[in-house]
Protein chains: 2
Amino acid sequence: MAREQRQATMADVARKAGVSVSTVSRALRGLPTVSPDARDRVERAARELSFALSRSASSLVTGKTGRVAVLMPGLERAPWFLGTALTGMASGLSEAGLDLLVYVVTNEAERAEFFDRLPARRNADALMVTSFILTEEERERLDDLGVPVVFASQHAPGRASVYVDDVAAAHQGVRHLINLGHRHIAHLRLAVEDSFVWSAQDRLVGYRRALKEAGLPWDDSLVVHAEYGRGGVRRAVGWLLSLPQLPTAVFVESDEMAFEVLGVLRSCGIDVPGRMSVLGFDDHPLAEAMDLSTIAQSAWDTGREAAGLVSSILAEPCGDPARHVVIPTRFIPRGTTAAPPQDAAAVSSGGGTQWGAASADPTEGF
Amino acid sequence: MAREQRQATMADVARKAGVSVSTVSRALRGLPTVSPDARDRVERAARELSFALSRSASSLVTGKTGRVAVLMPGLERAPWFLGTALTGMASGLSEAGLDLLVYVVTNEAERAEFFDRLPARRNADALMVTSFILTEEERERLDDLGVPVVFASQHAPGRASVYVDDVAAAHQGVRHLINLGHRHIAHLRLAVEDSFVWSAQDRLVGYRRALKEAGLPWDDSLVVHAEYGRGGVRRAVGWLLSLPQLPTAVFVESDEMAFEVLGVLRSCGIDVPGRMSVLGFDDHPLAEAMDLSTIAQSAWDTGREAAGLVSSILAEPCGDPARHVVIPTRFIPRGTTAAPPQDAAAVSSGGGTQWGAASADPTEGF
DNA sequence: CTGAAAGCGCTTACAG
DNA sequence: CTGAAAGCGCTTACAG
């Protein structure tokens, strides 16, 4: 394939159209200072030669590459969110005539290499950083990059960013569980060392805040970290199922993990929501079919808005460096959350478990 | 952020190192014809100025961009597969020192635009096409691209490609269902007009072949097309559940769709695998927790191998233009497939349904 | 409205 | 082993 014919250059087009290279350049970029006749001849010649602009050549003189880079964790970490956000970015950028360069970082070695070499440097007009918890040095390194940086799916104070209010969203979801009467609410998240990823920290904060607000005591053992990879969630659920006091609800960091929790609970014969309520985060396309209660956010919008911020910064480099967009979330109650089983309250109020003090009428929240 | 300091050029490095630009260029590329001393001074100067190479400038003279483009459908179409394959590609390319340019096409308009403008043209050294069913014109258009094309997740005869043997894989899976005693096996797939995507055609062929081989009659109504988007799978399952003769098993195009089928069946109170077996395709990370029987394939390997083919073609442009890699699949029996209910055979052998002729001892396959 | 010329930052013969 | 020079394919003042 790939007939190795020489690609036509502007000089070829110019010759064929009977004009100078300058005129070809102007005509093709749609500048007004070209006569209709010349423009016509140029366009025809370009089409006939199937001319394509060499961005290398033009960016050498303009200093603009026409490319935007994005740095992401391996997409298999959160396929739906990252994949959809990436698609949104691509869509937004392509409307702005910008190409998308993707840097995927799947482990610490690649991460170190990225920040060491900064390959995006001089090869992109801007960088989007998605779902990365950066260290202070990494952040400073990016400041030296020489191109604007936009953070997506994370709130970077003082920098351009697009994000959801994870604290408020998690708070709202957990409050729903409390309103249903739950008093022993676990939180399942990815292990911190695997937490390449995003807003999990804030969701934990929101969870904690909701418990505190309701006067529920804090219990470390209810926050479980699942290792990334097969079996991680099963082991984490195992931890919860072997606690002295069984939680009656779990708030899970993402829908994808929540689906897995549902599968594990089913295989253990634990009825959802009869014995345990499960609440996710995302409103993944499968959530509806799974009847999963969840907190919806739009990954697509996150990507689009990040692309939009990039365009806006490129167009207006001296505007507010901390411009940002907050993507809304909304809680969607479905079938996996319900009032806790009657005996759950009985147990905790009856015995000397650590939860005795928190026991209460399960309906008081209503 | 983005202190707009001028980026250091090779001339700056040369001045600082006290050598010529040529020597800087040679030293930085690791050419052997540089004295250790000069190499040393250049490397230090480059580091101190945090020099980064302008690919635009070097590609202008070498004719190589150092970039490989990939064309994909919107990742939300098959988040796990496309996201993981993309990650594998990025990983493979980055080892080869190549950047990844992503073109996502989410609808017909974008598709037409891509093939009309061929933005990858002159801006990438190669193009990977993933999970796209191309028309004849599109394929020819790509031949005019002037760069090598590698097809991923699809078998393109005569072109470089990496793929799984979908026919054999589907055949094997469906044979398993037949061996279990199923005689009324449905197949659920994405609606054809939404089939931006891959190997679905071949899976249908494998399904058909297995039925034929087992002497089962062909029944069009057992092949259901789900529209893309929310509710599509539910409606498709609804079709199956209202057939005169209920199928006892469904082979689903992908695990992600199969999960949805499981959710819908559960919400309808139909026991899996008691009343209906469900077989997926992919071995999605969730499949284990969902206890879904499936046919495993490695999206990661598909991406890696595609990147490998690109490297090999770039290194050896005159090798076999049809070089290809076949990624293995393997059938994984889990809990969603089992023998059909006893009465299923009874019904079909008893009455004048279209399936009467095919009725048989459900165990004969063993 | 148009063209000739300079120059963007590299790599690559070529000469030494 | 090293450097001066040409040139990759564009865009952009500048002059007309």
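Note: hydrogens, waters and symmetry copies are ignored here, and every other heavy atom, side chains too, is used. Chain naming here is simple, since letters A, B, ... match the order of the sequence lines and numbering starts at 1 in each.
DNA chain D is contacted by both R122(B) and P36(B); P36(B) maps to the nucleotide lying nearer its 5′ end (nearest heavy atom per residue). Closest-nucleotide positions on DNA chain D for A52(A) and D37(B) were compared, and the one nearer the 5' end corresponds to D37(B).
Taking atom CE of M10(A) as the reference point, atom P of dT12(D) lies 10 Å away to the nearest angstrom. Across the protein-nucleic acid pair, L28(A) atom CG and dT2(C) atom P stand 14 Å apart, rounded to whole Å. Summarising the geometry, the separation between CG on L60(B) and P on dT11(D) is reported as 12 Å, rounded to the nearest angstrom. If you measure from atom NZ of K64(B) to atom C1' of dG9(D), you get 16 Å, rounded to the nearest angstrom. Q7(B) has its CD atom 14 Å from the C1' atom of dC8(C), to the nearest Å. In this structure, CG of N123(B) is placed 11 Å from P of dC10(D), rounded to the nearest angstrom. dG9(D) atom P lies 12 Å from atom CG of L53(A), rounded to whole Å. Here the P atom of nucleotide dC10(D) and the CG atom of L31(A) are 15 Å apart, to the nearest Å.
For S22(B), counting side-chain heavy atoms from C-beta on, the closest listed nucleotide (dC10(D), dT12(C), dG9(C)) is dT12(C). Checking dG3(C), dG3(D), dC10(C) against every side-chain atom of T23(B), the shortest atom distance belongs to dG3(D). Counting only heavy atoms from C-beta on, A57(B) has its side chain closest to dC10(C) among dC10(C), dG3(D), dC10(D). Comparing dA13(C), dG3(C), dT11(C) against the side chain of R26(B) picks out dA13(C) as the nearest.
Of all nucleotides present, none satisfies the Watson-Crick or G-U wobble test against dA13(C) with each distance under 3.5 Å. Using the Watson-Crick or G-U wobble rule with both distances under 3.5 Å, dA4(D) pairs with nothing in any strand shown.
Of the N and O atoms on the side chains of T23(B) and S20(B), at least one donor lies less than 3.5 Å from an acceptor on the other residue.
Taken from CD in E95(A) to CD in E110(B), the straight-line distance is 7.5 Å, to the nearest 0.5 Å.
Using a 4.0 Å heavy-atom criterion, one finds that S35(A) contacts the sugar-phosphate atoms exclusively. No contact: R55(A) has no heavy atom under 4.0 Å from any strand. Within the nucleic acid shown, T62(B) comes within 4.0 Å of sugar-phosphate atoms alone, with no base atom in reach, counting heavy atoms only. Heavy atoms of V19(B) sit under 4.0 angstrom from primed sugar atoms or phosphate atoms, though from no base atom.
Phosphate contact (OP1/OP2 of dT12(C), side-chain N/O of R29(B), threshold under 4.0 Å): present. A close approach under 4.0 Å does occur between a side-chain nitrogen or oxygen of S25(B) and OP1 or OP2 of dT11(C). For the OP1/OP2 pair of dG3(D) and a distance below 4.0 Å, the side-chain nitrogens and oxygens of S20(B) include at least one atom meeting the criterion.
Using modelled atom types, no side-chain atom of T106(B) and backbone atom of G74(B) make a donor-acceptor pair closer than 3.5 Å. Distance alone, capped at 3.5 Å, places no donor-acceptor pair between the R67(A) side chain and the D99(A) backbone. At least one donor-acceptor pair closer than 3.5 Å links the side chain of Q154(A) to the backbone N or O of V129(A).
With L86(A) as the fixed residue, the side chain to side chain contact (heavy atoms under 4.5 Å, CB included) test singles out one of V104(A), L75(A), T130(A): L75(A).
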